[in-house]
Amino acid sequence: MDRIKELISKMTLEEKASLCSGADNWHTKEIKRLNIPSVMMVDGPHGLRKQEGETDHLGLNESVKAVCFPAACATASSFDVDLMERMGETLGAECQAENVSILLGPAVNIKRSPLCGRNFEYLSEDPYLAGRMASAYIRGVQSQGVGTSIKHFALNNQETLRMTISSEVSERALREIYLPAFEEAVKESAPRTVMCSYNKINGEYASENRYLLTDILRKEWGYKGCVVSDWGAVNNRVKGLQAGLDLEMPYSGGYNDRQIVTAVQEGRLDEAVLDEAVERVLNVVFAGEGQHRPEVISDKETDHKKAADIETECAVLLENNGILPLNTDRKVAYIGEFAEKPRYQGGGSSHINPFRVVSALDAAGEKGRSVTYAKGFSMENDAMTEQELEKALRTAAEADVAVIFAGLPEIFESEGYDRTSMKLPQCQDRLIKEVLKVQPNVVVVLHNGSPVELPWADKVSAILEMYLGGQGVGEACDRLLYGEANPSGRLAETFPYRLEDNPSFLHFPGNGKRVLYGEDIFVGYRYYDTKKVPVRYAFGHGLSYTEFTYGDLTLSSAQMTDEDILTVSFKVKNTGKTEGKEVVQLYVADLCGTPERPVKELKGFAKVHLLPGEEKTVSMEISARDLSYYEERLGDWYAPSGTYRILIGHASDDIRLHADIVFETQKELPLRADFTTTFGELLDHTKTAPVITELLAPLAAAAASAEGMSDEYKKLGEQVIREMPLKSLLGQMPGEQVEQLIGQLNCLLAQ
């Protein structure tokens with residue numbers, strides 16, 4: 001018997017139940033008589049929100065001073081897994097210095113709508129990118145002996161009524177869009193805990209959803225860790241325990257502990273189920289206690305520099321007519337209060353209390369830039385007086401270049417509520433419009449956690465998207481504006497022209513009881529590219545101060561089977577005069593004519609550093625899973641036999657290279673013949689195709705010999721026949737004979 005099982009055998013029923021809930025907002029319970037310690041967990045994901053006085057889980061009370069790193073909206077835009085892992089390592093070391101056992105992050109919910117109030121904390125609209133970046137973050141944090149809590153499992157894609165709303169989603173969309181980031185992270189990086197979400201999924205709370213917490217998470221993915229509730233997400237504690245929810249957070253005053261004890265005593269809960277939950281909780285407790293390193297000291301100044309360096313890699317240059325980088329000889333006007341007081345993080349439970357924040361104005365002053373400043377508007381009350389506007393216009397007119405710092409005030413984006421519009425504050429749009437009248441050289445720097453409408457984008461000279469870049473955002477912005485660093489971020493989400501273009505527009509945020517995921521798998525660029533909806537900036541978009549060319553695409557084979565791994569190689573070259581980093585993106589397109597598939601899906605990416613004139617070969621691997629969609633009839637991933645296209649590009653709307661492969665699968669879709677089964681379904685199945693081909697041979701021969709019939713009409717005739725059900729044979733042959741045929745077909749299918 002190992003140590004933990006021995007401890008459990010010595011516990012009373014009440015002690016076991018007590019370990020399945022927190023001691024307070026942030027600690028697990030201790031049992032002194034058995035030397036079971038308490039460990040602490042704190043909010044993340046982009047810094048430590050450790051509270052030592054009055055505590056809460058909504059970001060209301062102040063936390064200890066810490067380093068605020070860029071939020072996920074920014075770090076995902078780096079497209080750099082190594083950078084994400086390094087940030088995780090730093091956060092893990094900071095946790096060690098503060099004696100924190102679990103850092104609550106990363107947050108990997110898909111950006112279904114631009115309006116989700118918590119989008120700044122989430123990684124991407126694309127599950128592949130989100131999964132890769134989340135895995136790197138987890139590896140980094142846990143390499144320091146500190147656990148993570150990947151969240152929010154699952155389908156927490158809005159804040160409106162998040163504690164009661166039911167996310168109504170198809171099995172296919174669940175598997176293809178909303179679960180893969182969790183699956184990747186669980187399988188590749190094994191987070192110490194998984195945090196379940198508040199919401200219902202198809203009518204059942206995530207906290208008591210056995211299909212989610214046990215069948216998928218533990219049985220399919222092989223997860224061995226602990227499942228913890230989001231703070232206050234427990235509904236029925238006993239049902240949750242049976243479903244696979246191990247630890248309730250925070251403390252519920254002992255009420256739910258007593259519910260567990262009573263359920264065991266009355267025979268409604270098997271004590272063995274409770275023992276398993278306790279064992280998983282204790283694994284977390286002893287892992288945290290056993291890996292604590294009290295000698296670790298956090299160097300906040302060093303970590304501040306890291307935060308600024310990371311943000312430098314994340315910012316996205318959206319527009320540039322050549323005005324950037326700025327020449328240090330030019331007189332520059334900084335306009336907008338964000339230049340002095342940057343928006344660098346979101347509101348809610350991830351809100352960090354930074355030990356210092358550097359603004360772009362601070363950074364310009366430290367470096368002796370020729371910069372003047374006008375407040376323009378207030379970021380607090382979303383207003384601008386006529387006097388402030390007049391001063392801003394004078395300042396802009398007297399400069400060679402005006403840099404307007406715009407974005408969303410914190411009240412616009414926070415945990416707990418969603419946005420109602422994609423628009424910037426009206427005063428900011430007005431300011432930009434008026435400055436353009438007196439100054440032709442206008443650069444806009446954006447501070448926001450998710451896409452905004454940019455009605456002036458075609459009129460300004462450049463747009464630099466900083467997102468919510470952490471406490472070093474000003475230093476990073478200065479480096480990028482003046483060319484000390486080359487922008488290398490790429491959009492991890494699409495910027496539509498307007499809110500109405502978003503695929504979730506008709507359904508978000510629901511009717512108060514449920515929210516229908518009516519767009520199904522067509523989220524983000526999967527929708528825009530397939531529907532051919534013009535967008536302001538495509539997924540993967542981002543400019544550089546240099547140029548890159550692509551060439552020499554080669555595949556390791558022109559054919560592929562279920563077991564094969566295809567290696568894709570190509571060259572990328574820096575043809576400009578400035579060193580830089582290119583984010584190369586690999587997409588896969590199904591050319592088999594499979595219904596309801598996006599025109600392309602991201603399946604690989606790499607960030608490549610290149611000196612001027614330098615060329616490198618990039619290689620990526622593709623498996624059958626990368627070609628597949630989730631086939632509900634099969635209950636598994638499935639790629640039909642046929643042709644697939646490998647696409648290499650700079651963005652989802654900027655494909656530079658492509659090559660085709662022929663894929664052959666041994667998988668068959670499940671089929672059972674009846675009167676409604678179509679000839680097409682039977683012709684597509686290898687076991688029944690010969691029988692149906694022979695049955696239809698007279699029709700095929702007649703069509704082939706028909707005189708004066710065009711090929712187009714012949715194809716239409718073939719389509720009509722394929723769509724006819726077996727019951728259409730009635731009248732052509734006796735019904736009993738059709739029944740006999742169906743029996744014969746089912747015998748073949750059963751073999």
Side-chain angles (χ1 to χ4, degrees), residues 72-73 76-77 107-134 152-160 165 167-184 197 199 201-202 418-419 422 450-451 490-510 515-541 585 587-590 595-603 605 626 628-630 632 651-653:
C73 58
S77 299
V108 302
N109 295 104
I110 293 298
K111 298 183 179 186
R112 175 177 176 245
S113 166
L115 298 183
C116 176
R118 212 167 177 179
N119 272 350
F120 65 86
E121 202 173 336
Y122 300 149
L123 289 161
S124 179
E125 69 185 32
D126 182 77
Y128 178 84
L129 175 61
R132 289 284 308 280
M133 298 299 278
H152 309 88
F153 193 58
L155 290 149
N156 183 180
N157 307 104
Q158 65 186 64
E159 293 299 285
T160 301
I165 199 81
S167 300
E168 302 289 316
V169 66
S170 72
E171 180 74 8
R172 182 177 173 189
L174 177 70
R175 297 291 191 146
E176 289 189 32
I177 303 297
Y178 299 101
L179 292 187
F182 291 99
E183 180 182 3
E184 167 80 9
S197 57
N199 52 286
I201 299 171
N202 294 332
D418 293 318
R419 293 161 67 195
M422 271 182 59
S450 56
R490 302 291 182 265
L491 290 180
E493 60 192 335
T494 306
F495 273 48
Y497 277 105
R498 56 184 193 144
L499 176 63
E500 291 83 356
D501 293 335
N502 182 263
S504 70
F505 176 75
L506 292 176
H507 305 287
F508 185 94
V515 53
L516 178 64
Y517 285 47
E519 69 282 359
D520 206 52
I521 63 167
F522 292 96
V523 175
Y525 72 88
R526 285 167 167 78
Y527 169 79
Y528 298 114
D529 289 354
T530 304
K531 188 84 184 307
K532 297 182 180 179
V533 176
V535 297
R536 177 68 73 181
Y537 301 114
F539 175 86
H541 169 76
Q585 300 158 44
Y587 297 85
V588 169
D590 179 344
E596 298 181 325
R597 292 207 74 177
V599 296
K600 68 175 81 71
E601 297 180 277
L602 183 74
K603 296 299 177 182
F605 63 88
D626 296 315
S628 301
Y629 69 95
Y630 190 83
E632 294 181 356
S652 70
D653 68 344

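As the structure is a computational prediction, the values presented were derived from the model and not from experiment.
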Roughly how far apart are [X] [atom1] and [Y] [atom2], rounded to 0.5 Å?
X	Y	atom1	atom2	value
S77	L123	OG	CG	9.5 Å
L115	T160	CG	OG1	8.5 Å
S504	L499	OG	CG	7.5 Å
C116	N109	SG	CG	8.0 Å
R536	Y528	CZ	OH	13.0 Å

N/O donor-acceptor pair under 3.5 Å between [X] side chain and [Y] backbone:
X	Y	result
S450	P114	yes
T494	G524	no
N156	Q158	yes
E171	E632	no
N119	S113	yes
R490	F539	no

(message) Would E596 and R172 count as a side-chain contact (heavy atoms from CB on, under 4.5 Å) here? Give the steps.
(response) CA-CA 11 Å; E596 298 181 325; R172 182 177 173 189; 3.7 Å; yes
(request) With Y178 as reference, evaluate I201, I110, I521 under the side chain to side chain contact (heavy atoms under 4.5 Å, CB included) test and give the passing residue. (result) I110
(message) Against the six-membered ring of F508, is R112 placed for a cation-pi contact (under 6.0 Å from the centre, within 45° of the normal)?
(response) no
(request) Could you walk me through whether D418 and E159 pass the side-chain contact (heavy atoms from CB on, under 4.5 Å) test, one step at a time? (result) CA-CA 6 Å; D418 293 318; E159 293 299 285; 3.4 Å; yes
(message) With salt bridge (charged side-chain N to carboxylate O under 4.0 Å, His left out) as the rule and sequence neighbours excluded, what pairs involving residues 114-134 come up?
(response) R118-E121, R118-E415, E121-K151, D126-R526
